[in-house]
Structures are given as C-alpha cells and as structure tokens.
Amino acid sequence: MKRILSGIKPTGQLTLGNYIGALSHFKEYQDDSEPFIFIADLHALTLPIEPEELRKNSRDIAAFYLASGLDPKKATIFLQSAVPAHAELNAIVQNYLYMGELRRMTQFKDKAAKLKETAIGLGLFAYPVLMAADIILYDADEVPVGEDQSQHVELCRELVKRMNHRYGDILRMPKAVVPKVGARIMSLTDPSKKMSKSDPKGDIFLLDDPKAMRKKIMGAKTDMGPTVTLDPLEKPGIHNLLTIYASLDGISLEEATHRFDGYRYGDFKKAVADKLDEVMIPFRKRYDEIVESGSYREVLRDGAKRAIEVAEKTLRRVQEAVGLLVV
Ligand code: AQP
C-alpha cells in the first residue's frame with residue numbers, strides 16, 4: 001500500500017489555511033493508503049513558545065485530526081517527539097544537506113527576516129533537515145502539503161537522490177501532493193500574504209466561534225469593482241474568498257466563480273460565511289467531544305507504538321548503509 005506522511009506543527013492555533021491546505025485532505029487517503037499523520041512538536045520548538053501553549057496546541061491538533069475524520073484504525077496518528085528515531089535519523093541526514101541549500105529555503109528567509117541574527121536558532125535553519133528525516137523514516141510515497149511546504153519536500157527528494165547514489169537504493173523517493181484548490185489560503189486583511197499561525201493578522205482560527213468567523217469574512221479586504229469575477233492579480237481578495245468557498249464545498253474555482261458571477265461583494269461574503277458555518281460548526285462539535293473525552297491520549301499512545309516499529313526499521317537500514325556498527 002502507498003505510504004502517506006504529513007504533519008502539522010503546534011506553533012499556534014490552527015488556521016483555516018492549515019485546514020484547507022492540509023488537514024482536510026488527510027482522511028482521503030485512509031481507505032486505500034497507509035497514512036502516518038503526526039504532530040510536529042519538535043518543529044514547533046524552532047520558534048520561541050511557552051511550554052503550556054505547546055502542550056495545548058499539540059492536544060488540539062490531535063483532536064482536530066480525529067475531528068476531521070481520520071480513523072485511528074486506518075491512520076497512524078502520533079507525536080513526533082514520542083518516536084526517538086526522528087531525532088536519530090536527523091543526526092545522520094544532516095550531513096548530506098548543505099548550508100547553501102538551507103539558506104535558500106523561502107520559509108527560512110521569511111521567518112529569519114523577522115528576527116535578529118542572534119535570535120535565529122539553529123533548529124529554524126535546519127528545519128528542512130528534520131522534515132526530510134520525518135518523511136524518509138516512513139518510506140513515504142506521498143506527502144500531502146500546502147504550497148509553502150513543497151520546497152522542503154523537493155529538498156528531501158534531493159537528499160534521497162544523493163544518499164541512494166552514494167549507498168545504493170536505501171530510501172524511497174517521496175513526492176509532494178499539493179491540492180488543486182486551496183494550496184495557499186491568504187490573509188483576509190492582506191491577500192498578498194499567506195494565512196499563517198505565527199502571523200495571526202487576517203487569520204481565521206479553527207477555534208474561533210461562528211460569530212467571529214462571520215465577522216472576519218464580512219470584513220475581509222476586497223478589491224476594486226462591485227461584483228465577483230475571477231482575477232487573481234487584480235482581485236486577490238475575491239480570489240481568496242472564492243478559493244475558500246470552492247475548497248469547503250469541494251468544487252472547482254471555475255464552478256465557484258460561475259455560481260457567484262455578478263454577485264455583489266456583500267452577498268457573496270454572506271454565502272462564504274454560511275458555507276464556513278456549514279463545515280465548521282459540526283467540525284468544532286466533534287473537536288469539543290474529543291477533547292472532553294480525552295480519547296486522543298490513547299490514540300497517540302497506540303500511534304507512537306506503531307510509528308516506532310516502522311521508523312526503527314528504516315533507521316536501522318540507514319545506520320547499516322552509512323557504516324555505523326549495528327550490534
Ligand atoms: N495559508 C495556507 N494555505 C494552505 N495551506 C497552508 N498550510 C499552512 N498555511 C497554509 C499547510 O498547513 C500544513 C501545516 O503547516 P505547518 O504547521 O507544518 O507549518 P507552516 O506551513 O509553516 O504553516 P503555518 O500556519 O504558516 O505555521 P507557522 O506560522 O508556524 O509557520 C502544511 O502542509 C502547510 O503547507
């Protein structure tokens with residue numbers, strides 16, 4: 001069966017971008033593939049975070065995974081930090097990726113630009129190395145991600161090529177799978193910027209109450225001209241709202257544009273807010289029940305056991321290939 005690997009880092013409250021670009025797609029794989037879906041808590045340490053916040057965010061992601069329809073009998077759901085092989089493989093593969101390559105990563109450049117040189121941790125710089133280890137460990141064939149992460153998957157592919165060339169075919173070649181619609185949801189207040197947990201201006205959070213979500217949609221920045229048309233360059237705000245609607249309704253951008261052709265902005269925004277209610281209210285209810293019951297704890301414990309079994313085998317294979325004495 002095809003192996004799938006993806007994760008979300010608990011750096012803040014999950015956004016509608018995380019939901020549309022990644023989370024909502026994970027369950028699509030569980031009937032005909034083997035998904036490994038993790039909480040990237042080690043990655044979350046790459047920017048300063050309060051311990052209590054990290055713990056709460058991690059729990060929330062576990063509950064969101066389950067609320068999105070992932071079935072723990074079909075998908076392995078686990079915490080990255082509960083599987084020591086991630087850090088161990090990281091220590092090996094870091095020697096096959098180079099400073100120049102890491103410096104070119106867009107995410108690193110964006111995040112580092114907001115920090116003083118002395119506040120940029122080594123982990124932030126080396127983030128794609130650990131991400132490559134995450135992917136390789138599970139022999140992943142496909143990595144479902146939003147557009148912003150596809151550069152990191154490309155780097156992982158380069159690493160696999162390099163190591164396979166040096167040691168024989170020891171690693172499986174992964175590929176990024178980016179959704180056709182919704183791979184890059186933009187900020188509602190500035191549609192030239194990605195909606196991002198760590199830069200919350202213009203975000204819709206999955207834990208916002210329905211009223212707050214509606215208010216944010218109704219106040220979203222729109223563009224010149226009174227009616228809805230599809231024009232990503234001239235009308236990036238409307239394009240973003242059409243993308244949100246199309247993703248939530250499971251239709252193409254063209255179909256959504258056709259549906260709202262000639263609508264005035266206010267009426268269109270109301271339809272987007274109604275669609276958001278339709279998807280998010282039951283989703284939020286499932287999340288509340290999961291958090292209340294605490295059922296995510298056992299899911300994470302069982303998931304870690306299964307993940308460790310698989311990850312240890314790959315780690316052993318790589319250790320032997322590079323010449324570490326395995327006794
Ligand atoms: N705006 C977005 N539109 C579509 N997809 C998105 N993703 C993130 N933002 C958008 C996708 O969500 C998944 C989880 O991402 P992550 O937590 O590993 O880190 P990220 O990509 O850096 O996401 P954020 O929200 O921007 O987090 P911070 O602010 O902490 O860096 C990924 O598949 C990502 O592509």
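Numbering of ligands and ligand atoms starts at 1, following listing order.
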- Query: Is the shortest distance from a Lys or Arg side-chain nitrogen in Lys74 or Asp31 to a carboxylate oxygen in the other one below 4.0 Å?
  - Reply: yes

d(Ile185 CD1, Glu147 CD) to nearest 0.5 Å is 10.5 Å

Atom 17 (O) of ligand 1: closest protein heavy atom, distance to 0.1 Å, is Lys197 NZ, 2.4 Å

Nitrogen or oxygen of Ile8 less than 3.5 angstrom from that of ligand 1 = no

* Quick check: does Asp199 get an N/O under 3.5 Å from an N/O on ligand 1? -> no

_Please report whether ligand 1 has a polar contact with Glu147, defined as an N or O pair separated by less than 3.5 Å (distance criterion only)._
no

Note: ligand 1 atoms sitting under 4.0 Å from heavy atoms of Gly182 are 4 (C)

Ligand 1 atoms nearer than 4.0 angstrom to some heavy atom of Asn18 are 7 (N), 8 (C), 9 (N), 12 (O), 14 (C), 15 (O), 23 (O), 25 (O)

- [ ] If the plane angle is over 60° it's perpendicular, under 30° parallel, otherwise tilted; pick one for Tyr167 and Tyr96.
- [x] perpendicular

- Message: Counting the benzene-type ring for Trp, do His152 and Phe108 have ring centres under 6.0 Å apart?
- Response: no

The residue among Arg3, Lys2, Arg172 that forms salt bridge (charged side-chain N to carboxylate O under 4.0 Å, His left out) with Asp141 is Arg172

Among non-hydrogen protein atoms, atom 21 (O) of ligand 1 lies closest to Asp148 OD2, 2.4 Å

Checking heavy-atom distances from atom 19 (O) of ligand 1 to each of Met195, Lys9, Lys194, Arg184, the winner is Lys9

- Are Glu154 and Arg157 within salt-bridge range, i.e. N to O under 4.0 Å? yes

- Message: If I apply the N/O under 3.5 Å rule, does Pro144 come out as touching ligand 1?
- Response: no

Going by the 4.0 angstrom heavy-atom rule, the piece of Ser196 near ligand 1 is both

Atom 28 (P) of ligand 1: closest protein heavy atom, distance to 0.1 Å, is Ser198 OG, 3.5 Å

Going by the 4.0 angstrom heavy-atom rule, the piece of Met186 near ligand 1 is neither

The single option from Asp208, Leu207, Leu16 that satisfies side chain to side chain contact (heavy atoms under 4.5 Å, CB included) with Met280 is Leu16

min-distance protein heavy atom vs atom 6 (C) of ligand 1 -> Gly17 O, 3.4 Å

Looking at Lys114 and Asp199, is there a salt bridge between them, counting it only when a charged N and a carboxylate O are closer than 4.0 Å?
yes

If you scan protein heavy atoms around atom 3 (N) of ligand 1, the nearest is Ile185 N, 2.8 Å

For Ala22, the atoms of ligand 1 under 4.0 Å from one of its heavy atoms are 12 (O), 13 (C), 33 (O)

Would you check whether Lys111 reaches within less than 4.0 Å of ligand 1, judged by its heavy atoms? yes

Q. If Ile, Leu, Val, Met, Phe, Trp and Tyr residues are connected whenever their side-chain heavy atoms lie under 4.5 Å apart, and connections chain through other members, are Val178 and Leu23 in the same group?
A. no

Exercise for the section: Decide whether an N or O pair under 3.5 Å exists between Val145 and ligand 1. Expected result: no

Run the contact test for Ile20 against ligand 1 with a 4.0 Å cut-off on heavy atoms, strictly below, and give the result. no

Value for CG (Leu159) from CG (Asn164), rounded to nearest 0.5 Å, stands at 9.0 Å

- Is Tyr263 atom OH crowded by more than 12 heavy atoms from other residues, nucleotides or ligands, each under 6.0 Å away? no

For Thr11, the ligand 1 atoms with a heavy-atom partner under 4.0 Å come out as 28 (P), 30 (O)

among protein heavy atoms, the one nearest atom 32 (C) of ligand 1 is Gln149 CG, 3.8 Å

Please examine the side chains of Arg306 and Asp302, heavy atoms only from C-beta on, and report whether any two atoms are closer than 4.5 Å.
no

One finds that the ligand 1 atoms under 4.0 Å from a non-hydrogen atom of Gln107 are 20 (P), 21 (O), 22 (O)

Notebook entry, point to check: Is it the case that Lys197 and Thr11 place a side-chain donor and acceptor less than 3.5 Å from each other?
Noted result: yes

Check: of Pro200, Gly146, Ala183, min heavy-atom distance to atom 4 (C) of ligand 1 comes from Ala183

